[in-house]
Every structure is written in structure tokens, then in C-alpha cells.
Visitor: 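Dropping the structure in here first, questions after.
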Amino acid sequence: LDGSTPVLVAPGQAARKLTTPAVRGAARQVARDQARGVAVIDDLQGPDQVSVTGTSGTRVLPGGGEVSSLTWTPQGGLAWSVDAHSLRLTGADGRDVRTVSPPAGTVGVYAPVFTSPTRLVAVVEEAPAGAEHHPGTTTLNNLYAHDLATGTWTRLTAFTAAGTRWSSIRTPMATPSGDVLFVRVTGDAAATVVPAFSLWRLHQGQARMDRALPADTYLAGRLGDDLAVNQQDARQGVWRMARLKASGLVPAGCGSTLVASTVPDPDVPPVAAPAASGPIPAQAELGVAVGDFGSKAAAAAARARLADAAAWTVAGHDDAPMAVRPGAWILLRRVSGGVDPSAELAKVRAAHPELKERSFVVIAGR
């Protein structure tokens with residue numbers, strides 16, 4: 001997605017826009033299948049929808065709640081996560097909806113990928129004993145496999161977390177051979193250091209690290225023989241695409257693929273909330289901030305632990321001089337024009353109650 005526009009980026013070809021139905025809310029993610037069409041998450045106030053355009057025309061599927069992790073199934077249907085808690089699968093015609101609940105004793109499930117027609121692998125959120133857990137933040141993720149024929153779950157990875165240490169899994173991606181690639185992010189909630197990003201491969205039941213990654217790097221797909229990744233441009237608040245080479249990252253374009261768009265979520269109705277202090281200039285660019293932090297590393301560590309980390313950028317005084325003092329850092333979530341900043345602030349505080357006293361509306365631009 002380049003903003004709200006689905007764009008096809010292919011090796012040796014010029015990027016081109018894809019035909020999709022009009023999005024009434026915020027375009028959150030796009031999934032394309034060459035034979036079946038283009039599906040887009042339409043993030044609305046209230047339950048989201050999935051809009052699909054294919055050879056047979058356009059149809060709209062009810063999402064069942066807050067939709068994320070959109071992907072095509074091997075049978076020609078669609079799968080997605082609802083409220084990061086359960087999975088929803090449809091048949092090729094959008095009917096025969098099936099709900100897949102998370103494994104017993106876990107918190108939620110999201111990011112499904114299919115390694116065979118009857119087997120999906122997904123990220124499962126856990127809250128292990130002996131580790132700190134806060135609502136809306138990741139404590140421990142592991143990959144599980146779900147057998148669609150028997151309805152059973154099998155744990156595939158054995159990552160652990162204890163005390164203030166945490167471990168998350170992001171952007172899993174199946175390979176033609178049946179392996180699963182994914183990004184693992186680890187950190188310590190009590191440490192003011194940037195979390196560690198690394199690329200992992202699940203092969204024949206064994207998970208191993210392939211390579212370390214730069215901070216804020218997530219899988220985006222493939223471009224020819226290369227893996228493509230997304231990195232967030234903190235200054236612009238947008239995603240950049242790059243090829244992952246042995247020597248590093250080579251720019252390949254802009255837009256988000258397996259990661260969610262940075263567009264604010266419109267599904268919370270306006271409610272009363274404290275406004276920014278002082279006068280706001282006309283046409284000012286507004287945002288929700290969390291802060292202050294004493295260093296860029298401390299802000300980055302706090303950001304990486306949020307379940308919706310992709311929606312935030314780390315900003316200093318040079319990035320948003322009217323929002324943060326020199327020498328300090330904040331987490332910044334820009335508010336699109338026409339969106340009530342008070343409602344966005346209320347949403348952030350509801351999702352992250354531990355940040356209630358540290359979140360506020362600010363002037364986000366320069």
C-alpha cells in the first residue's frame with residue numbers, strides 16, 4: 001500500500017496501481033493473488049470489512065471486528081485475524097466462514113500463513129508465568145501450527161520470556177518449500193537499549209536465526225530472488241521497501257505489505273479527552289505522543305514492545321520541535337486530517353492504560 005493505493009512492484013517492471021474497490025475508511029493492508037484478485041482491509045468505525053476485486057467483480061466481506069493479517073488461502077478463500085484474538089477463514093466465494101480460536105491457555109492468535117492446504121502456521125500470543133505482562137503489549141510470541149482437518153494446534157517454536165525480558169514474532173512468510181521465515185524482536189522492558197531484530201527460518205520443525213537485521217525491519221515478501229523488507233521512515237511516518245542483500249538493504253520503493261499502514265485507525269468514536277495545551281495554529285499537523293524519554297534508545301525500546309508498534313515513530317526535537325524539547329524523545333502517532341485527535345488519544349489510552357499519564361495531543365509538524 002502506498003497510502004491507500006495498492007501498488008504492484010515486480011522485478012524488472014515499473015510499479016503500477018492495482019484496481020480495487022473504493023475504501024471508505026483507512027486502507028490497512030492489501031493481499032494480491034494473480035488468479036483471484038486483490039483484497040484490501042477497509043478499516044472503519046466499528047467492525048472492519050474486506051473488499052475484494054477479482055475477475056467476477058467486486059464483493060465486500062464482513063470482517064467480524066478489528067481486521068489484520070490478511071492473506072489468501074490455498075483454496076482461493078481469504079483468512080485474517082479478528083481483534084488479534086482469533087482467525088477467520090472463508091471459502092473461495094467468501095462464504096462458509098470458519099473461526100479458529102487460539103490454543104487453550106494462550107492470549108490470542110494472528111498473522112496466519114499456509115504451508116499446505118490443510119495446515120496454517122500463526123503467531124500465538126502468550127502470557128507466561130514469571131514474566132511481566134501489560135495489556136496491549138507483547139510479552140511472548142511463538143509459532144503454532146493448526147491442522148484444519150482435526151482442529152488441533154501444535155507448538156513449533158520454544159521461545160521464552162521471564163521478568164522484564166520479552167520476545168515477539170512479526171511478519172511470518174511461507175516459502176515454496178514449506179519453510180516459514182519470520183522476524184523476531186527481543187528486548188528488555190527495563191533497559192534503555194534498542195531491541196534486537198533478526199531474521200529466522202523454521203525448517204523441518206527447527207527454528208534457527210539466519211541473520212541480524214537493522215532496527216525496525218520487517219519482511220515484506222519477495223522481489224525476484226531477493227527477500228523484500230519494510231523499514232519505517234521515522235521522519236516521514238511512512239514505510240520504505242528494500243531488497244535484503246548480503247551487503248545490506250538496497251532501496252526498492254515505498255509502501256507497506258505485510259506490515260500495517262501507518263494511517264490512524266478510525267474505529268473509535270470521538271469522546272472527551274484533554275486537548276493540547278496552548279493555542280494550535282490553523283491547519284496544524286497533529287499527533288498523539290507518548291513521552292518524554294531521555295534517549296532515542298529508550299524511546300525505541302518502548303515502541304518495540306507495543307503490539308501496534310508499526311503505528312508509531314520515534315521523534316526528537318528536530319523531527320517535531322513543537323512537541324518535544326531538545327535532548328528528549330517521544331513516540332509519535334500522527335493524526336490524519338479529518339480525524340478527531342481527542343478520539344485518537346482516547347483510543348491510545350484505552351489500548352495502553354499503562355501509558356495514560358504519559359500520552360497527550362501535540363503539534364506533530366515542523
Visitor: Compare every heavy atom of L1 with every heavy atom of P6, then report the nearest pair and how far apart it is.
Guide: N-CD2, 3.8 Å
Visitor: For the residue pair M209 and W200, what are the closest heavy atoms and their distance?
Guide: N-CE3, 3.5 Å
Visitor: Are the charged groups of D210 and R208 less than 4.0 angstrom apart, N to O?
Guide: yes
Visitor: Please list, chain by chain and in numerical order, all residues satisfying side chain to side chain contact (heavy atoms under 4.5 Å, CB included) with S177, sequence neighbours excluded.
Guide: T175, D179
Visitor: Without hydrogens or angle criteria, can the side chains of R303 and Q232 be said to hold a donor-acceptor pair below 3.5 Å?
Guide: yes
Visitor: Start with the C-alpha gap between R184 and S198, add the side-chain angles, then the distance that decides, and say whether side-chain hydrogen bond (donor to acceptor under 3.5 Å, both in side chains) holds.
Guide: CA-CA 5 Å; R184 186 183 181 209; S198 52; over 6 Å; no
Visitor: Please enumerate all residues that pass side chain to side chain donor-acceptor pair (under 3.5 Å) together with K245, with sequence neighbours excluded.
Guide: D226
Visitor: Which hydrophobic side chains are connected to V183, either touching it within the sub-4.5 Å cutoff or through other members that do?
Guide: W166, M173, L181, V185, F197, L199, L213, Y218, L219, L227, V229, W239, L244, L249, L258, V259
Visitor: Are R325 and D292 close enough for a salt bridge, meaning some N to O gap below 4.0 Å?
Guide: yes
Visitor: Thinking salt bridges, do R155 and E126 make one under a 4.0 Å N-O criterion?
Guide: yes
Visitor: Mind listing the closest non-hydrogen atom pair of I363 and A320 along with its distance?
Guide: O-CB, 4.5 Å
Visitor: Establish, from distance only, whether the side-chain atoms of S168 and N141 form a donor-acceptor pair under 3.5 Å.
Guide: no
Visitor: Kindly write out the residues that satisfy side chain to side chain donor-acceptor pair (under 3.5 Å) with T164, not counting sequence neighbours, or none if the list is empty.
Guide: D188
Visitor: Linking Ile, Leu, Val, Met, Phe, Trp and Tyr by side-chain heavy atoms under 4.5 Å, what else ends up with V193?
Guide: none
Visitor: Tell me, please, which residues at least two apart from T99 pass side chain to side chain donor-acceptor pair (under 3.5 Å).
Guide: none
Visitor: Looking at R333 and D308, does any basic side-chain N land under 4.0 Å from a carboxylate oxygen?
Guide: yes
